[in-house]
Amino acid sequence: MTGGGPVAWVANALAVVAAVLLFLIGAMLTYEVVARYFFNAPTIWAEELSRLFLTWAVFLASAALLRSNDHIRVTVLLDLMPRPAKKVAHVTSLTFVAVIAGLVAWHGFPTVAKSFATGRSSGSMLDIPQWWSQAAIPLCFGLLSLQALILTVSTVCGGWDPFDYDHKGDERPLTD
Amino acid sequence: ETTLRITLQLPLKSHLGQNLLYFKEEVEKISEGDVSVEIYDSAQLYKDKEVPDAVGSGQIEAGVASLTTYVGEIPAVDVFYMPFLLNSEEKVRAAVAAGSPVRTLIDDAIAETGANVLWWQAYGTVILLSNDAPIKTPDEMKGKKVRVFGKTLGQWVQAVGGVPTLISGSEQFLAYQRGTVDVGMTGVSGVQSRSLWDVMDTITRVNVADIEFIVVINQDYWEGLSEQEQMWINEAATRAQERVRDEMSNIEAKAYSDAEANGMAIYDPTPEEIEAWKTASQPVIDTWLKEAGDLGQKVYDAAKSL
Amino acid sequence: METLLILAALFALLLIGVPVAFALGGLGLMLLAFGGFSPLMAPAGILSSMDNFVLVSVPLFLLMANVMLKGGVGKDLFAALQAWVGHLPGGLAVATILACGVFAAISGSSVATAATIGTVAIPEMTKRGYPRHFTFGVLAAGGTLGILIPPSLIMIIYGVITEESVLALFIAGVGPGLLMIVFFIIYSILYARTLPSLERIAKATWEERWSSGVRALPTVALAVFVIAGIYRGWYTPTEAAAIGFAGALFVTGVVLRTLSLRDLWDAVVGSMKTTAVILLIVAGAKVFGKAIALYRIPQDVSAFISTNIDSAGLFILVVALVLLVMGLFMESLSLLLIMVPVLAGSLMPLGIDPIWFGVFFVIMVECALITPPVGLNLYVIQAVGKGTLTEVARGVLPFLALMLLTVLVITIFQDIVLWLPFHL
Ligand code: NA
Ligand code: NA
């Protein structure tokens with residue numbers, strides 16, 4: 001996952017952050033079990049922070065996964081298409097992703113702004129500010145939209161080959 | 001013709017769902033079909049804690065939220081969770097009656113978030129669950145892991161010597177069954193709906209706090225309604241509030257008798273034991289008063305004088 | 001009519017190659033906009049879909065399986081089973097199926113199970129004269145045990161949608177999982193007898209059996225520890241996944257000493273990718289789900305079912321047929337996320353147990369995973385075994401029939417599913 005300009009670089013760096021967050025979730029919850037079972041001292045943070053970390057990890061990773069073609073898609077029809085038609089389909093679907101992600105980011109922003117202004121908190125034991133999780137939406141979907149836009153342009157100009165998606169074998173993320 | 005959509009986390013068959021259904025029938029009857037109500041139950045649209053934002057920002061016209069979901073913005077709402085403050089049905093009824101100082105102060109604060117309160121739904125009081133013996137005094141809480149569902153009750157468990165442990169509603173049964181926690185905490189209707197008598201054998205009717213739900217409606221939407229429509233809705237809301245309060249005592253009585261029929265013992269702490277609880281709980285009230293500011297002090301005084 | 005239009009739009013988006021997550025979420029957003037509903041529901045739904053403690057177990061079970069995989073556990077398992085049963089008629093196929101079953105007990109994913117065992121078993125089986133299509137069929141189908149035998153990502157997500165106990169679902173999968181293994185084994189032995197050219201493997205010595213068995217033992221112990229710990233109340237099902245991850249690090253890093261830091265990092269990155277890919281679809285489906293609820297489609301479907309279908313048996317038959325057809329073209333996770341909310345409302349009136357239905361649904365998802373043209377397990381085995389889609393598809397046919405037979409058996413004898421969760 002190298003090359004591709006500053007947006008790709010940021011996306012990849014964020015994917016690394018996402019991986020670290022998941023590792024930390026494992027560490028926190030293991031600690032929670034040990035602390036509760038052996039020391040009768042459950043934490044007030046493990047449950048809530050692990051949900052927060054999961055939220056961020058999933059959305060942080062999304063842009064990089066778009067570039068590496070890891071998102072699950074149906075390729076039956078694409079496989080049958082001649083190359084030019086494939087390219088049209090691909091540009092269309094990337095544009096769709098760019099628009100949708102952009103709209104999600106746009107509509108996600110007011111909620112964050114409001115939570116930030118009012119200081120609204122989760123009201124749970126840990127009582128963290130709500131914008132800590134809400135901010136993931138405009139930031140990550142904004143980046144996703146930008147990444148999709150760049151990939152659209154570079155598909156049109158031929159700088160990025162979108163056709164290496166099929167049957168990646170071991171490279172494919174092992175879903176369900 | 002106007003459509004009012006209401007989101008509800010609980011299933012339609014819950015007593016809050018049935019109360020919404022009653023409201024729907026009343027509104028549609030009074031308005032002769034001019035105002036129609038659609039209920040989206042079982043969290044199809046929103047979970048409980050998302051309702052304040054969803055209604056406040058106008059994503060949906062109305063919703064049912066537990067009062068404490070507003071605590072992140074309005075700490076004062078947890079006056080209902082202040083240990084042993086509103087620990088009888090009469091006090092609660094007086095506190096939530098339309099025009100009561102407690103309710104008016106809270107309704108006004110919620111109005112600042114962009115939502116008007118239509119009516120308050122009773123959910124019952126907080127009880128403790130245990131195995132083998134009741135939790136008579138704070139002594140029986142010492143060092144025990146207690147299931148909690150929120151900040152204030154968590155602080156209370158800590159203040160009386162227990163170890164607060166966050167367990168979600170759906171993991172409750174398993175956590176009691178397998179002993180992940182020692183002491184349970186819920187409303188008595190939760191005992192019934194989740195068959196908790198299969199895994200716990202004692203209820204301590206400690207009545208430490210009162211659980212309230214509120215039905216809120218988006219302010220802009222409300223102001224866009226005609227005066228006639230507002231009247232119809234208010235009329236039905238008033239009827240629904242009366243009905244759910246009257247029903248709640250029956251529901252709780254039924255839940256307790258079902259619990260007993262399923263082999264649970266029910267324990268009511270003596271006045272001396274309640275005093276011991278109150279003394280141990282005082283730090284929670286002190287901390288909360290500091291956080292909840294002026295409004296907190298006002299609702300607290302109002303509640304205390306009931 | 002509206003329903004058909006929405007389905008057509010969804011298929012159109014999927015077929016031009018829009019990633020599933022964005023097809024669902026994007027169509028949901030468009031439906032909200034066209035219906036005059038607030039578009040703020042989309043970001044709110046996406047955020048709320050992740051804010052669920054049960055879902056936290058998804059990355060953790062993936063971490064557990066990926067660490068074990070990088071630690072070479074698949075090879076150890078297969079070697080041990082080969083030493084114990086490989087010499088019997090059809091023994092290698094039996095060892096492969098059993099290895100899939102055991103690896104399934106630490107992996108929540110079908111594709112991971114197929115790929116892990118496939119990598120070691122395919123070369124061995126083809127070398128000993130098993131036909132390629134049969135070999136591929138065994139692995140593509142055996143891999144699907146990954147979501148039937150606990151832990152199971154599909155069951156976790158089913159539990160999240162229906163608010164059913166994930167532990168009960170896990171335990172309910174054990175009976176049908178064992179039944180399916182037995183069916184697969186019987187078929188494989190019978191099939192092997194029709195192959196006179198099959199090379200028999202020499203019987204392993206007891207020493208070989210013990211030494212390979214000892215190497216495989218920690219894996220089995222970990223699988224048992226994870227489930228037993230939930231039962232003893234040591235940890236909740238979600239925490240169990242974290243313990244499984246920690247246990248996997250212990251087994252591969254300390255006991256077997258087969259995990260390098262590089263391997264660990266690869267496992268973490270792999271889990272991160274899969275987690276994001278799966279859960280982004282969950283998030284997209286949430287937006288889609290809200291939109292169709294506001295269009296009152298699930299409500300209409302429930303009403304349609306309740307007026308037209310009055311017996312549980314007929315309902316199950318119809319649902320099975322619909323899922324089989326949709327499963328040809330749909331990726332398994334979207335099948336679950338689209339269909340379960342629509343069908344869930346009909347279960348209670350018909351007296352169908354939601355835990356039983358979950359297991360039934362998982363087996364139908366397994367069918368979807370191995371039916372062409374869209375079936376992730378087919379793709380994976382094709383890539384691992386360097387075969388053609390046709391070969392794999394031909395090989396899975398008898399196993400598909402056996403899965404449907406399993407569905408029939410658990411429909412008639414529901415206790416195979418429900419006895420364990422209600423009696424443990
Ligand atoms: Na599994
Ligand atoms: Na398929």
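Note on naming: letters A, B, ... go to the chains in the order of the sequence lines (proteins, then strands), and numbering restarts at 1 for each one. What's counted below: heavy atoms across the whole structure, side chains too, no hydrogens, waters or symmetry copies.
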Residue selection (most heavy-atom pairs with chain A, distance under 4.5 Å) from C:Phe245, C:Trp265, C:Trp234: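 That would be C:Trp234.
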Which bit of A:Val88 comes within less than 4.5 Å of chain C, counting heavy atoms only: side chain, backbone, both or neither?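 Answer is neither: A:Val88 stays 4.5 Å or more from chain C.
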Got a second to check how far [X]'s [atom1] is from [Y]'s [atom2], nearest 0.5 Å?
X	Y	atom1	atom2	answer
A:Leu54	C:Thr275	CG	OG1	7.5 Å
A:Leu144	C:Phe22	CG	CZ	4.0 Å
A:Arg51	C:Met50	CZ	CE	13.0 Å
A:Thr92	C:Leu13	OG1	CG	10.5 Å
A:His71	C:Ile281	NE2	CD1	9.0 Å

Set out, in order, the CA-CA distance, both residues' side-chain angles and the distance that settles side-chain contact (heavy atoms from CB on, under 4.5 Å) for C:Leu47 and A:Thr55, then state yes or no. CA-CA 7 Å; C:Leu47 189 66; A:Thr55 303; 3.7 Å; yes
Taking only residues two or more places apart in sequence, or in another chain, which ones meet C:Ser49 in a side chain to side chain contact (heavy atoms under 4.5 Å, CB included)?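 C:Ser49 satisfies side chain to side chain contact (heavy atoms under 4.5 Å, CB included) with C:Ala283, C:Lys286 only.
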Under the rule for ring-ring contact (aromatic ring centres under 6.0 Å, His included), what residues qualify as partners of A:Phe59, not counting sequence neighbours?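 A:Phe59: ring-ring contact (aromatic ring centres under 6.0 Å, His included) contacts with A:Phe141.
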Summary of ring-ring contact (aromatic ring centres under 6.0 Å, His included) pairs that have at least one residue in residues 96-117 of chain A, sequence neighbours excluded: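 For residues 96-117 of chain A: A:Phe116-A:Trp131.
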Which residues in residues 39-50 of chain A have a heavy atom less than 4.5 Å from any heavy atom of chain C?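 Result: A:Glu47, A:Ser50.
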As a quick check of understanding, evaluate side-chain contact (heavy atoms from CB on, under 4.5 Å) for A:Tyr37 and C:Tyr235, giving each step before the final call. CA-CA 8 Å; A:Tyr37 192 78; C:Tyr235 30 76; over 6 Å; no
Counting only heavy atoms closer than 4.5 Å, note whether C:Thr144 contacts chain A via side chain, backbone, both or neither.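 Neither part.
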Atom group of C:Leu389 that falls short of 4.5 Å from chain A, counting heavy atoms: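 Neither part.
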Selection from A:Leu22, A:Ile25, A:Val104 maximising heavy-atom pairs under 4.5 Å formed with chain C: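 Ranked by contacts with chain C, first place is A:Leu22.
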